[in-house]
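Numbering of ligands and ligand atoms starts at 1, following listing order. Treat the numbers as computed from the prediction; the structure is a model and nothing was measured.
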Amino acid sequence: MSDAGDLPGSAATSRFGTAGAPAPSPAAPGTKLQLAGVVKDFGAHRVLDHIDLDVGTGEVIALIGASGSGKSTLLRCVNLLEPIDDGVILLDGEDISEPGLDPDPVRRRIGMVFQSFNLFPHLTVVDNVALAPRKVNRMAKEAARAQALDLLGRLGLAAKAAAYPDQLSGGQQQRVAIARSLAMGPEVMLLDEITSALDPELVGEVLDVVRALRETGMTMLLATHEMSFAREISDRVCFLDAGVIAESGPPAQVLGNPTEERTRQFLQRVIEAGRM
Ligand code: ADP
Ligand code: MG
């Protein structure tokens with residue numbers, strides 16, 4: 001892959017107007033994203049139970065935890081795919097979780113990539129990447145195409161621009177999905193188990209893209225079951241258990257010398273499953 005040092009999206013500038021509600025507690029300088037007291041219920045089931053999390057600009061946070069612990073729901077709430085039931089989510093100090101707020105301007109600033117690539121099967125790779133900038137950002141057709149080709153080149157996919165998704169490997173499709181998200185120029189990227197659907201030999205090429213994104217200074221929140229990757233890529237690991245952040249800290253500490261018994265038990269299960 002070519003040098004990805006100038007991938008778009010690491011701009012820290014706000015595209016909103018004046019701030020909405022003040023932060024519930026003062027965020028440290030350089031805080032990009034702040035979750036405070038975030039609660040999410042599905043019926044009687046409390047899935048996120050007062051989550052507090054500050055994410056600094058350029059910080060990479062790995063969310064780990066058993067299936068069902070709330071990792072995807074946390075990411076989906078940040079991307080406004082799920083309304084929250086209590087608490088507040090701030091982006092550059094502005095409340096983005098207010099009910100009734102138009103989610104589209106926020107989603108332009110916060111990109112999300114899922115386990116399933118969700119590419120449009122009837123569109124070529126380059127058209128998949130160029131579509132949203134054209135439709136949502138009203139970018140001119142040729143400019144959107146040029147940007148898409150540039151991004152695909154940076155992700156090592158130039159030769160696949162004219163192909164259709166089903167002609168690509170899973171790893172290549174996931175890299176296209178990342179390119180599609182980056183084409184909107186996001187300031188924050190949310191990555192939800194993006195290697196989980198891939199054959200083991202295709203995981204590396206996708207993780208390489210995440211490494212390159214990190215080098216650009218992209219703020220990232222990623223749910224992963226790749227513990228070695230979490231250790232390498234993240235500034236901080238948050239262990240979720242039943243909707244609470246049971247432990248968080250530097251990866252070496254949380255993964256290597258956890259203080260919480262439930263973190264230890266989770267890591268033991270990961271080791272037993274051969275995933276660490
Ligand atoms: P993880 O990503 O850590 O595996 P999830 O956030 O997907 O966890 O799920 C957390 C809990 O919320 C699970 O018990 C799951 O069944 C429940 N859940 C997730 N989405 C929904 C939904 N749309 N409706 C009802 N329950 C849900
Ligand atoms: Mg999940």
Checklist outcome for this item: So, leaving waters aside, the tally of protein N/O/S atoms less than 2.8 Å from the Mg ion (ligand 2) stands at 1
Checklist entry - Are Asp235 and Pro250 close enough that some pair of their side-chain heavy atoms sits under 4.5 Å apart? => result no
Checklist entry - Is it true that Asp104 and Arg108 have a side-chain N and a carboxylate O under 4.0 angstrom from each other? => result no
Checklist entry - Hey, does the side chain of Asn128 reach the backbone of Leu119 with a donor-acceptor pair shorter than 3.5 angstrom? => result no
Next on the checklist: Does Arg76 qualify as a cation-pi partner of Phe114, given the criterion of NZ or CZ under 6.0 Å from the six-membered ring centre and within 45 degrees of its axis?
Outcome noted: no
Checklist entry - Hey, which residues fall under 4.0 Å of ligand 1 on heavy atoms? => result Phe42, His45, Val47, Ala66, Ser67, Gly68, Ser69, Gly70, Lys71, Ser72, Thr73
Item to check | Residues forming a side chain to side chain contact (heavy atoms under 4.5 Å, CB included) with Asp166, sequence neighbours excluded | outcome: Tyr164
Item to check | Expected output: side-chain Ser69 to main-chain Asp241 donor-acceptor under 3.5 Å | outcome: no
For residues 43-51, which side-chain N or O atoms pair as donor and acceptor with protein atoms under 3.5 Å away, sequence neighbours left out?
from  : atom 1 : to    : atom 2 : distance (Å)
Arg46 : NE     : Asp41 : OD1    : 2.8
Arg46 : NH2    : Asp41 : OD2    : 3.1

Checklist entry - Is any side-chain heavy atom of Glu187 closer than 4.5 Å to a side-chain heavy atom of Asp92? => result yes
Checklist entry - Are Leu123 and Leu168 connected in the hydrophobic side-chain network, where two residues link if heavy atoms are under 4.5 Å apart? => result no
